[in-house]
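Input: a single structure, listed below in structure tokens.
Every chain is numbered from 1 and lettered A, B, ... according to where its sequence line falls, protein lines coming before strand lines.
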Amino acid sequence: MSKILVTSALPYVNGVPHLGHMVGCLLPSDVYARYMRMMGHEVLYVCGTDEHGTPSEVGAAKEGMDVGDYCLKYHNRHKEAYKAFNLSFDYFGRTSSDQNKEMTYHIFEQLDKNGFIEEQSIKQIFSIDDNRFLPDRYVTGTCPHCGYDKARGDQCENCTKVLEPTELINPRSTISGSTNLEVRETKHLFLKLPLLEEKLAAWVKSKEPFWPDVAYSIAQKWLKEGLKPRCITRDLKWGFPVNKKGFEDKVFYVWFDAPIGYIGITKQWADENPQNRNWKEWWLDAKDVHYVQFMGKDNVPFHSISFPATLLGTGENWTKVDYLKGMSYLTFEGGKFSKSENRGVFAEDAIKEFPADYWRYWLMANAPEASDSSFTFDLFAGTVNKDLNGVLGNFVSRVMKMTASKIGSVVPQAGELQDVDKQLIADLQEKVGNYCKYMENLEFKKALSELRAIWVDGNNYISVTEPWTVIKTDPQRAAAILNICLNLIRIYAVLSYPVMPETAEKILAKFGLNTKEIASLKDFSAEKEIRALKEGQQFEVGEALFERIAPEKIEELKAKYGSEKK
RNA sequence: GGCGGGGUAGCUCAGUUGGUUAGAGCGGUGGAAUCAUAAUCCAUGUGUCGGGAGUUCGAAUCUCCCCCUCGCUACCA
């Protein structure tokens with residue numbers, strides 16, 4: 001048994017998560033955490049909301065709220081949504097917590113002490129009417145290259161050229177529309193990444209065998225281009241005030257304290273039960289901790305370069321990422337998810353339409369691992385109807401109903417294994433082996449495809465053995481077949497648990513069992529598992545596990561969630 | 001503009017030490033079965049592997065050029 005530290009990229013508090021966010025880091029991290037627990041590892045799985053930065057301030061102002069209250073409100077919305085999706089965080093914290101402040105201050109002090117912090121003056125746009133500095137992106141104007149009148153200060157979306165906000169014609173504040181702007185000089189603190197480059201490069205190189213190509217190549221690209229000092233402070237109110245003389249009126253840049261949030265949140269977790277929890281066991285001079293991070297592809301540079309460099313610069317022995325899972329994006333009905341255009345399914349709504357497991361299964365079976373992947377309601381309904389209802393749900397139903405009506409609602413007597421049974425067991429052993437291998441390698445699509453194949457084998461087995469025919473001439477053999485089928489159902493529940501925890505519980509409950517007692521995959525032996533149910537054990541057929549999605553419902557959903565391209 | 005990912009069957013996607021007839025699931029078609037949720041099982045694929053050129057006995061795979069698409073480009077996060 002080893003210690004597995006799992007983190008999901010911290011969702012930004014301002015805005016509600018959609019399916020793309022769910023599959024981009026939250027769900028895969030949960031499936032992985034659940035799987036690793038089932039393998040008997042000690043798992044710490046933390047996440048939380050990333051709260052600092054301009055968008056929070058602007059969002060709060062728009063709602064006429066205090067920034068802290070605003071963040072708490074949205075933090076709670078995130079928390080509720082993830083709970084509804086059954087994300088099994090050990091702790092869901094906040095980057096604005098006192099614990100994170102403490103960590104951020106400590107790490108900054110270490111960096112400063114070690115000579116990795118320097119002052120630089122930079123010029124930035126100040127909006128007099130908004131009474132605030134504007135990040136480049138918050139300045140809008142006409143693109144000097146193509147004349148597009150809604151170009152942002154960092155890049156023109158129309159011609160894709162990279163811009164400086166001062167290049168814009170007729171610049172205005174994106175927040176208020178005010179044109180009353182001026183360039184002001186302001187002092188900031190920079191992390192001297194060039195000094196850490198060598199050390200960082202060596203560290204990245206040591207990770208080459210373990211990181212996926214995408215992550216490794218992105219990190220290499222940054223190193224190849226040469227690291228520049230990175231500004232880690234901002235002229236904002238909302239954030240941790242900088243703990244250095246002369247900079248007290250500034251706050252740390254959100255990307256400085258956000259990844260430190262993984263540590264801060266762990267401390268939040270530990271502080272709730274200090275007798276039994278120790279954050280250092282996971283993060284500082286930690287032994288035997290295997291750290292796996294999940295994030296969208298856009299987050300890779302921060303997790304492979306800035307954050308590790310920050311930790312290296314402290315001179316202390318912080319736990320750094322071992323495996324970095326970068327996910328691509330999910331598209332929605334051929335386009336992008338867009339809150340402003342009301343296109344796409346958001347987590348809060350998704351859960352009102354269908355049980356979490358429908359989404360969890362579909363999203364993981366179609367996870368954007370190698371490249372972007374597409375969500376459409378047709379695909380979703382197809383999978384729910386075929387895989388969940390047809391293959392898994394119907395198997396459970398046909399086996400239980402047949403047993404109940406022909407023999408009674410008890411697990412019938414097992415018999416001597418025949419060749420067809422032995423083959424089933426051998427296949428099961430092999431496929432579970434593959435499933436586990438894929439899970440361990442974080443190849444979710446492959447893992448789920450294997451899981452599905454295991455379900456298919458059950459249907460295959462029953463149609464080959466034909467217990468409904470056999471029972472007329474050889475009731476004992478029919479009982480033995482059904483015994484095997486019922487045991488398969490139990491095994492399917494256990495195997496499905498990381499992906500579909502509710503369904504797993506539901507299935508086991510039919511046998512009066514629960515996942516707490518039996519959800520283990522350690523040293524899986526098909527031979528033993530196929531005999532796990534006690535003969536004579538009562539079961540209840542109960543209601544169907546899943547419901548089909550009717551064609552009319554699909555059309556309704558498409559209309560409701562803006563499938564039509566605008 | 002630069003860098004990186006992706007472009008494979010009607011649809012969604014697998015597929016690198018270069019190697020026999022390029023794969024899976026879905027959908028379609030045909031059949032079987034009647035235990036089950038009109039569910040299941042079996043059979044069924046002549047695809048310009050984005051386009052062009054090259055290396056090679058041999059290229060989806062390696063090299064070069066081009067096209068489309070997504071992302072990043074250090075001040076959105």
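- Rounded to whole Å, the C1' atom of rU8(B) lies 16 Å from the corresponding atom of rU69(B).
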Problem set entry | Contact pattern, 5' to 3', of nucleotides 4-12 of chain B - B, S or - by protein heavy atom under 4.0 Å | SSS----SS
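- Under the salt bridge (charged side-chain N to carboxylate O under 4.0 Å, His left out) criterion, K73(A) pairs with E63(A), sequence neighbours left out.
- Taking the C1' atom of each, rG50(B) and rA38(B) are spaced 41 Å apart, rounded to whole Å.
- In this model, no side-chain donor or acceptor of E225(A) finds a partner on the base of rU73(B) within 3.5 Å.
- Distance noted for atom P between rU46(B) and rA32(B): 25 Å (whole Å).
- Here R152(A) does not reach the OP1 or OP2 of rC75(B): none of its side-chain N or O atoms lies under 4.0 Å away.
- Residues satisfying the side-chain hydrogen bond (donor to acceptor under 3.5 Å, both in side chains) test with Y361(A), not counting sequence neighbours, are D387(A).
- When the shell of 6.0 Å around CD of E167(A) is examined, it contains more than 12 heavy atoms from other residues, nucleotides or ligands.
- Here the closest heavy-atom approach between residue L168(A) and residue G153(A) is recorded as CD1-CA, 3.7 Å.
- Checked by atom type, the side-chain pair Y12(A)/H78(A) shows no donor-acceptor distance below 3.5 Å.
- A donor-acceptor contact closer than 3.5 angstrom links the side chains of D130(A) and S176(A).
- Neither OP1 nor OP2 of rU69(B) sits under 4.0 Å from any side-chain N or O of K336(A).
- rC62(B) and rU44(B) have their C1' atoms separated by 36 Å, with the value rounded to a whole Å.
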